[in-house]
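Note: hydrogens, waters and symmetry copies are ignored here, and every other heavy atom, side chains too, is used. Counting starts at 1 for both ligands and their atoms, in listed order.
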Amino acid sequence: MTIQVIPVEGLPLIQKGDDIPALVCERVALENGDILVLASTIYSKAKGHTRRLSEIQPSEYAERIARRDREDPRFVQSVLDEAKEVLIDHPFILSELPFGHIGVRSGVDRSNIEDGYVILLPPDPMGAAAEVRAGVRRRSGKEVGTIITDTCGRAFRRGQTGNAIGWSGFPAIRDFRNDTDLFGHILLITEEAVVDEIAGFANYVMGESHQGIPAVVFRGCERWTGHDDLYFRPSEDVIRKAICNRPG
Ligand code: GDP
Ligand code: MN
Ligand code: MN
C-alpha cells in the first residue's frame with residue numbers, strides 16, 4: 001500500500017459562515033476513496049463554535065481554579081461550560097465532553113484565533129464529519145472519507161498527537177480479533193484505532209502554529225473493517241477509575 005499525503009495549501013483564515021468543503025474542493029482535486037482530514041479548529045470557526053472571553057461571567061469555582069493555577073477565570077469558565085464531567089481540576093482540568101471524548105481543558109483553544117476569543121470543539125464531531133463528507137460529494141461528485149481531528153495530550157508519554165474526534169465513511173477501529181498471526185495464533189484482543197493513526201500523521205503535516213494547513217488529504221489508504229466503539233465506557237476504563245477513585 002503506497003499512501004500519498006497531500007496538504008491543502010492556501011486556505012484563508014476561516015470565518016463564521018465559510019463553506020469548508022467548497023474551499024477545499026477549490027484547492028485540491030479530490031478522488032474517490034481519498035480521506036480528507038480537517039483540524040476541528042477550522043470547522044468550529046466556520047460554524048461559530050467560538051466565544052468571546054469578555055462575555056463570560058466566571059463562577060466561584062472557576063475563580064478558585066483560576067487563582068490556584070494562574071489562569072484567566074473566564075477561560076476556565078469556558079472549559080467548565082464544555083465539560084460533561086470534570087475528572088481532575090488540578091494541575092489542569094481534564095474533562096469528558098458530552099460526545100465522549102476526554103481531553104485537557106475540554107479541548108478549548110486560545111491559539112489560532114484573535115485575542116480575546118476561544119475556540120470550542122465541535123459539539124457533534126461525528127455529525128460534522130458526515131456533513132463535510134456530504135458537502136464534498138455535492139461539490140465534487142467524489143466519495144471520500146472524512147476525519148475531524150484535535151491535537152491532544154496523552155497519558156504516559158510526553159508530546160501531543162492528533163486524535164480523531166469525528167469520522168465518516170469507515171469505522172474508527174480495525175478489528176484484528178480472531179485473525180491469525182504469522183504463527184497461526186488467534187488474536188484475542190487486538191483492535192487498532194486507525195482513525196487516530198491517520199489523525200496523528202495529519203496533525204504532523206498540519207503543525208500547531210502559523211503553518212496555515214488545517215486540511216490534509218490521504219490517498220491510497222486501503223479500507224479496513226471493524227467498529228466505531230472508540231471510547232471506553234467508564235466501567236472498562238482503568239485509567240479513569242484510577243484517577244477518579246484516588247483517595248483525597
Ligand atoms: P487544532 O489541532 O484543531 O486545535 O488546530 P491548530 O490550532 O493546531 O491548527 C492546525 C493547523 O491549522 C495549523 O497549521 C494552523 O496554522 C492551521 N489553521 C488554524 N486555523 C486556520 C485558519 O483559519 N486558516 C488556515 N488556513 N489555517 C488555519
Ligand atoms: Mn485544539
Ligand atoms: Mn493542533
Subject >> ligand 1 versus Ile119: contacting region, heavy-atom distance under 4.0 Å >> reply: neither
**OP:** List every atom of ligand 1 that sits less than 4.0 Å from any heavy atom of Asp109, numbering the atoms from 1 in the order shown and giving each element.
**Re:** 4 (O)
Subject >> Atom indices of ligand 1 within 4.0 angstrom of Ile14 heavy atoms, with elements >> reply: 22 (C), 23 (O), 24 (N)
Subject >> Protein heavy-atom partner closest to atom 20 (N) of ligand 1 - residue, atom, separation in Å >> reply: Lys45 NZ, 2.9 Å
Original post:
Can an N, O or S atom be found in Thr151 less than 2.8 Å away from the Mn ion (ligand 3)?
Top reply: yes
Original post:
Of all the non-hydrogen atoms in the protein, which one sits nearest to atom 8 (O) of ligand 1, and at what distance?
Top reply: Glu208 OE1, 2.9 Å
**OP:** Given salt bridge (Lys or Arg N to Asp or Glu O under 4.0 Å), test Lys47 with Glu131 step by step and report yes or no.
**Re:** CA-CA 12 Å; Lys47 296 295 173 179; Glu131 179 205 316; 2.8 Å; yes
Original post:
Would one find an N, O or S atom of Asp109, in either backbone or side chain, under 2.8 Å from the Mn ion (ligand 3)?
Top reply: no
Subject >> Heavy-atom nearest neighbour in the protein, as seen from atom 1 (P) of ligand 1, with distance rounded to 0.1 Å >> reply: Asp150 OD1, 3.5 Å
**OP:** Classify the side-chain pair Ser209/Gln211 by whether it contains a donor and acceptor separated by less than 3.5 Å.
**Re:** yes
Original post:
Does ligand 1 have any atom sitting under 4.0 Å from a heavy atom of Ser209?
Top reply: yes
Subject >> Shortest-distance N/O/S atom, Asp150 versus the Mn ion (ligand 2) >> reply: OD1
Original post:
Under 30°, 30 to 60°, or over 60°: which ring-plane class applies to Trp224 and Phe170, parallel, tilted or perpendicular?
Top reply: tilted
Subject >> Nearest-neighbour protein heavy atom for atom 10 (C) of ligand 1, which is reported as residue plus atom name and distance >> reply: Gly207 O, 3.6 Å
**OP:** In plain terms, say whether Glu71 and Arg110 are close enough for a salt bridge, that is, a side-chain N and a carboxylate O under 4.0 Å apart.
**Re:** yes
Original post:
Near Ile42, which atoms of ligand 1 are under 4.0 Å from a heavy atom of that residue?
Top reply: 20 (N), 21 (C), 22 (C), 23 (O)
Original post:
How far is atom 2 (O) of ligand 1 from its nearest protein heavy atom, and which residue and atom name does that atom have?
Top reply: Thr151 OG1, 2.9 Å
Original post:
Could you walk me through whether Arg240 and Glu85 pass the salt bridge (Lys or Arg N to Asp or Glu O under 4.0 Å) check?
Top reply: CA-CA 12 Å; Arg240 183 178 183 150; Glu85 187 181 333; 3.0 Å; yes
Subject >> Identity and separation of the nearest protein heavy atom to atom 9 (O) of ligand 1 >> reply: Asn112 ND2, 3.5 Å
Original post:
Can Arg219 and Glu31 be counted as an ion pair, charged N to O under 4.0 angstrom?
Top reply: yes
**OP:** Give a yes-or-no answer on whether the side chains of Glu208 and Asn203 include a donor-acceptor pair shorter than 3.5 Å.
**Re:** yes
Original post:
Taking just the N, O or S atoms of Glu208, which one is nearest to the Mn ion (ligand 3)?
Top reply: OE1
Subject >> Carboxylate-amine/guanidinium proximity below 4.0 Å for Arg137 and Glu143 >> reply: yes
Original post:
Of the non-hydrogen atoms in Ala193 and Leu230, which two are nearest, and what is the gap between them?
Top reply: CB-CD1, 4.1 Å
Original post:
Knowing that exactly one of Arg52, Arg105, Arg51, Glu82 qualifies, which makes a side chain to side chain contact (heavy atoms under 4.5 Å, CB included) with Val118?
Top reply: Arg51
Original post:
Do any N/O atoms on His210 end up under 3.5 angstrom from N/O atoms on ligand 1?
Top reply: no
Original post:
What residue and heavy atom of the protein are closest to atom 11 (C) of ligand 1, and at what distance?
Top reply: Ile213 O, 3.5 Å
Subject >> Electrostatic pair Glu191-Arg177, nearest N-O below 4.0 angstrom >> reply: yes
Original post:
Are Arg68 and Asp89 close enough for a salt bridge, meaning some N to O gap below 4.0 Å?
Top reply: yes
**OP:** Give the numbers and elements of all ligand 1 atoms closer than 4.0 Å to a heavy atom of Ser40.
**Re:** 3 (O)
Original post:
Can a salt bridge be assigned to the pair Glu114 and Lys45 using a cut-off of 4.0 Å between side-chain N and carboxylate O?
Top reply: no
Original post:
What do we get for Leu11 next to ligand 1 when only non-hydrogen atoms under 4.0 Å count, side chain, backbone, both or neither?
Top reply: both
**OP:** Quick one: look up the protein heavy atom nearest atom 5 (O) of ligand 1 and list residue, atom name and how far away it is.
**Re:** Thr41 CB, 3.4 Å
Original post:
So is Pro12 in contact with ligand 1, going by heavy-atom distances below 4.0 Å?
Top reply: yes
